[in-house]
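Accompanying notes for the structure given below.
Below, chains carry the letters A, B, ... as their sequence lines are ordered, and counting in each starts from 1.
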Protein chains: 2
Amino acid sequence: MDTDSKTIGAVERSFDIVEVIQRRGPIGVSEVADVVSLPKSTVYTHLNTLSSAGYLIKEDGLYRLSCQYLQLGATVQHSIDLYRQGKEEVDELAAEVEERTNLVIEENGLGTCVYATNSSNSTQAYMNLGEQRPMHATATGKAILAHLPVDRVDDIIERHGLEGFTEQTITSRDGLEEELAEIRDAGISFDNEESVDGLCCIATPVIVDDHPLGSISVSGPCSQFKRPDRRDELCEALRNAANVIQLDFMLT
Amino acid sequence: MDTDSKTIGAVERSFDIVEVIQRRGPIGVSEVADVVSLPKSTVYTHLNTLSSAGYLIKEDGLYRLSCQYLQLGATVQHSIDLYRQGKEEVDELAAEVEERTNLVIEENGLGTCVYATNSSNSTQAYMNLGEQRPMHATATGKAILAHLPVDRVDDIIERHGLEGFTEQTITSRDGLEEELAEIRDAGISFDNEESVDGLCCIATPVIVDDHPLGSISVSGPCSQFKRPDRRDELCEALRNAANVIQLDFMLT
DNA sequence: ATATACTTTTCGATGATAGTAAACGACCGT
DNA sequence: ACGGTCGTTTACTATCATCGAAAAGTATAT
């Protein structure tokens with residue numbers, strides 16, 4: 001379907017280089033050449049091309065990503081319905097519950113964070129803007145999966161498997177099926193250290209026209225989330241927020 | 001310097017296509033081919049390459065930008081010193097003065113917006129995230145120019161000229177020189193409809209180690225900004241904010 | 001100063017490959 | 001069934017991205 005159809009090598013190489021710069025920050029020709037295992041001269045022309053196209057900035061002999069990506073990123077973010085309609089609401093939610101909140105959508109079969117508040121008492125974020133994580137191992141991912149047609153779910157599992165990240169990760173197809181049914185009933189999903197040890201997360205899907213547009217979540221250290229009263233409080237706040245967002249969609 | 005050195009055509013073509021999609025949103029092969037004046041088959045392989053690399057998403061036969069750009073954009077933003085140190089402060093500033101505030105740096109000789117608050121009473125933004133504008137026609141740009149070495153200023157003017165956008169734009173080298181001297185004296189710069197009719201802006205540079213890292217600004221409709229008392233109020237608030245940011249840099 | 005050891009950059013020959021036209025199949029609405 | 005889209009595939013060829021080698025630049029030490 002997508003593995004080996006005709007692609008342009010030079011373009012792939014350029015994006016490889018961009019990713020290297022993204023990971024390692026400002027960097028010179030030689031180091032890039034080293035990392036991607038290409039001749040310096042080849043890398044040089046790529047860097048040159050990307051600079052003259054405005055996607056890299058050359059400063060003191062080092063290349064760094066340009067602000068073009070800022071613009072592209074902003075364009076992408078604003079093109080996402082859930083972001084446009086949900087940002088304000090999750091901001092308020094974050095202020096109310098004083099925990100980190102996230103907006104997540106499905107892309108390429110992965111849960112993709114399209115917005116996150118840095119809650120005031122910000123525990124280190126576990127999911128950053130644009131970051132992608134397998135759906136079966138996160139509250140947000142499961143919330144979406146639970147409301148996707150079965151064949152889509154099958155596709156996604158086939159594509160990405162059910163890798164285990166912690167002791168708690170659901171790694172069996174049956175276990176997942178059961179969990180998704182529960183989530184559909186409850187209208188809410190939990191992640192109790194299924195993705196990262198010590199991290200808990202509660203999520204609700206945002207459903208419009210029977211399609212899950214994505215999900216919103218609250219996340220933080222488990223200590224906070226295990227107290228039943230606190231948990232109920234968070235669930236309630238989440239449900240409310242999701243409701244507000246869904247209503248906004250209706251009225252637009 | 002960079003006009004005609006060796007570059008890779010295929011890569012440039014791919015980025016052209018990305019930019020087309022950025023401007024026009026989800027789009028099919030034929031329409032792209034039309035816009036960029038290339039054969040459908042050529043465009044097809046480019047879109048294919050970009051999709052399989054994860055930078056485009058193919059949905060219902062249309063291609064759209066993927067969330068990869070979100071991640072790249074976030075990486076870029078966090079790599080900018082002025083953003084990391086200044087975001088919080090301009091957020092507070094925006095809340096205080098209830099106008100739109102911006103963080104701007106110089107990139108490629110252009111003023112580049114690296115952060116902007118959508119003030120509560122948000123008048124339509126004139127500068128969006130990642131957007132670039134000539135420095136001589138904006139308060140933020142002039143604030144930076146005023147503290148750049150003369151030869152850098154010369155470079156920039158040579159590269160981008162002194163295009164006029166409104167009646168008020170400074171279009172002569174001498175006029176600009178004079179203005180920059182005034183800005184250095186006052187520590188603050190104004191844009192009275194020099195860029196866009198009806199829009200005013202006040203900016204202060206953020207200077208660390210005698211180098212301007214960028215500038216912060218407040219902008220809005222002229223009506224608000226012409227009242228002398230209001231103007232003084234905004235100037236004072238800006239100066240304070242810039243001071244706080246500069247201090248933060250010292251302590252880091 | 002001179003040398004050394006690294007960079008980045010230029011250049012030209014070569015062969016892989018990106019570009020292209022033309023044909024194909026799928027999908028509309030009429 | 002028909003013309004009109006659309007996206008996709010194919011096969012050929014001339015281009016052009018690649019790469020080694022060598023030049024030019026930069027910094028450090030001797």
Side-chain angles (χ1 to χ4, degrees), chain A residues 1-21 23-66 108 151 155, chain B residues 1-66 108 149 151-152 155 159:
Chain A
M1 163 187 158
D2 50 44
T3 27
D4 53 348
S5 32
K6 218 177 179 60
T7 56
I8 300 164
V11 174
E12 292 173 329
R13 251 153 270 157
S14 268
F15 274 101
D16 281 349
I17 291 174
V18 167
E19 285 167 20
V20 168
I21 301 178
R23 283 198 302 275
R24 322 208 5 166
I27 192 174
V29 177
S30 300
E31 198 179 341
V32 174
D34 230 42
V35 177
V36 299
S37 308
L38 285 171
K40 282 188 236 251
S41 51
T42 302
V43 171
Y44 177 75
T45 35
H46 279 272
L47 292 173
N48 222 20
T49 305
L50 292 166
S51 303
S52 87
Y55 289 90
L56 292 182
I57 303 291
K58 188 179 178 176
E59 233 166 39
D60 312 318
L62 297 181
Y63 295 83
R64 60 172 181 83
L65 301 183
S66 84
N108 276 330
D151 53 327
D155 282 354
Chain B
M1 163 185 157
D2 50 44
T3 29
D4 52 350
S5 34
K6 218 176 177 63
T7 57
I8 300 163
V11 174
E12 292 172 329
R13 251 153 267 157
S14 268
F15 275 102
D16 282 349
I17 290 174
V18 168
E19 284 168 21
V20 167
I21 301 178
Q22 180 185 17
R23 283 197 302 275
R24 321 205 10 164
I27 192 174
V29 177
S30 300
E31 198 179 342
V32 174
D34 229 44
V35 177
V36 299
S37 308
L38 285 171
K40 279 197 302 186
S41 52
T42 302
V43 170
Y44 177 75
T45 32
H46 280 272
L47 292 173
N48 220 22
T49 305
L50 292 165
S51 303
S52 87
Y55 289 91
L56 293 181
I57 303 290
K58 187 179 180 176
E59 233 166 39
D60 313 317
L62 298 182
Y63 294 84
R64 60 172 181 82
L65 301 184
S66 84
N108 275 332
D151 53 326
R152 289 287 326 274
D155 281 354
R159 188 129 61 107

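- Taking side-chain N and O atoms only, H46(A) has a distance below 4.0 Å to OP1 or OP2 of dT18(D).
- One interatomic measurement links the two molecules: CG of L38(B) to C1' of dT20(C), which rounds to 10 Å at whole-angstrom precision.
- When all heavy atoms of A33(A) and V43(A) are compared, the closest pair comes out as CA-CG2, 3.6 Å.
- Computed from coordinates, the K58(A) NZ to dT9(C) C1' distance equals 8 Å when rounded to whole Å.
- Among the protein residues, S41(B) comes within range of the nucleic acid bases, having at least one heavy atom under 4.0 Å from a base atom.
- Under the side-chain contact (heavy atoms from CB on, under 4.5 Å) rule, L47(A) has a single partner from V29(A), I27(A), V18(A), which is V29(A).
- Relative to the side chain of V29(B), the nucleotides dA18(C), dG20(D), dG7(D) differ in distance, and dG7(D) lies closest.
- Regarding contacts with the backbone of dG7(D), every side-chain N or O of K6(A) stays at 4.0 angstrom or more from both OP1 and OP2.
- Rounded to an integer number of Å, the gap from CD1 of I8(A) to P of dT17(C) is 12 Å.
- At whole-Å resolution of the value, NZ in K40(B) and P in dT9(D) are 13 Å apart.
- Whole-Å rounding puts the L47(B) CG to dT8(D) P distance at 9 Å.
- One atom, OH of Y44(A), and another, P of dG25(D), lie 12 Å apart when rounded to the nearest Å.
- Side-chain N/O atoms of T49(B) and E12(A) include no donor and acceptor closer than 3.5 Å.
- For the OP1/OP2 pair of dT20(C) and a distance below 4.0 Å, the side-chain nitrogens and oxygens of T42(B) include at least one atom meeting the criterion.
- Taking OG of S14(B) as the start and CD1 of I8(B) as the end, the distance is 11.0 Å to the nearest 0.5 Å.
- Rounded to an integer number of Å, the gap from CG of D16(A) to P of dT18(D) is 11 Å.
- Atom C1' of nucleotide dC6(D) and atom CG of D60(B) are separated by 14 Å, given to the nearest angstrom.
- Of all nucleotides listed (dT18(D), dT8(D), dG19(C)), dG19(C) comes nearest to the side chain of R13(B).
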Decide yes or no on ring pair (Phe, Tyr, Trp, His ring centres under 6.0 Å) for F15(B) and F15(A), but give the supporting numbers first. CA-CA 11 Å; F15(B) 275 102; F15(A) 274 101; 5.3 Å; yes
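- With the nearest nucleotide of DNA chain C identified for both T45(B) and Y63(A), Y63(A) has the one nearer the 5' end.
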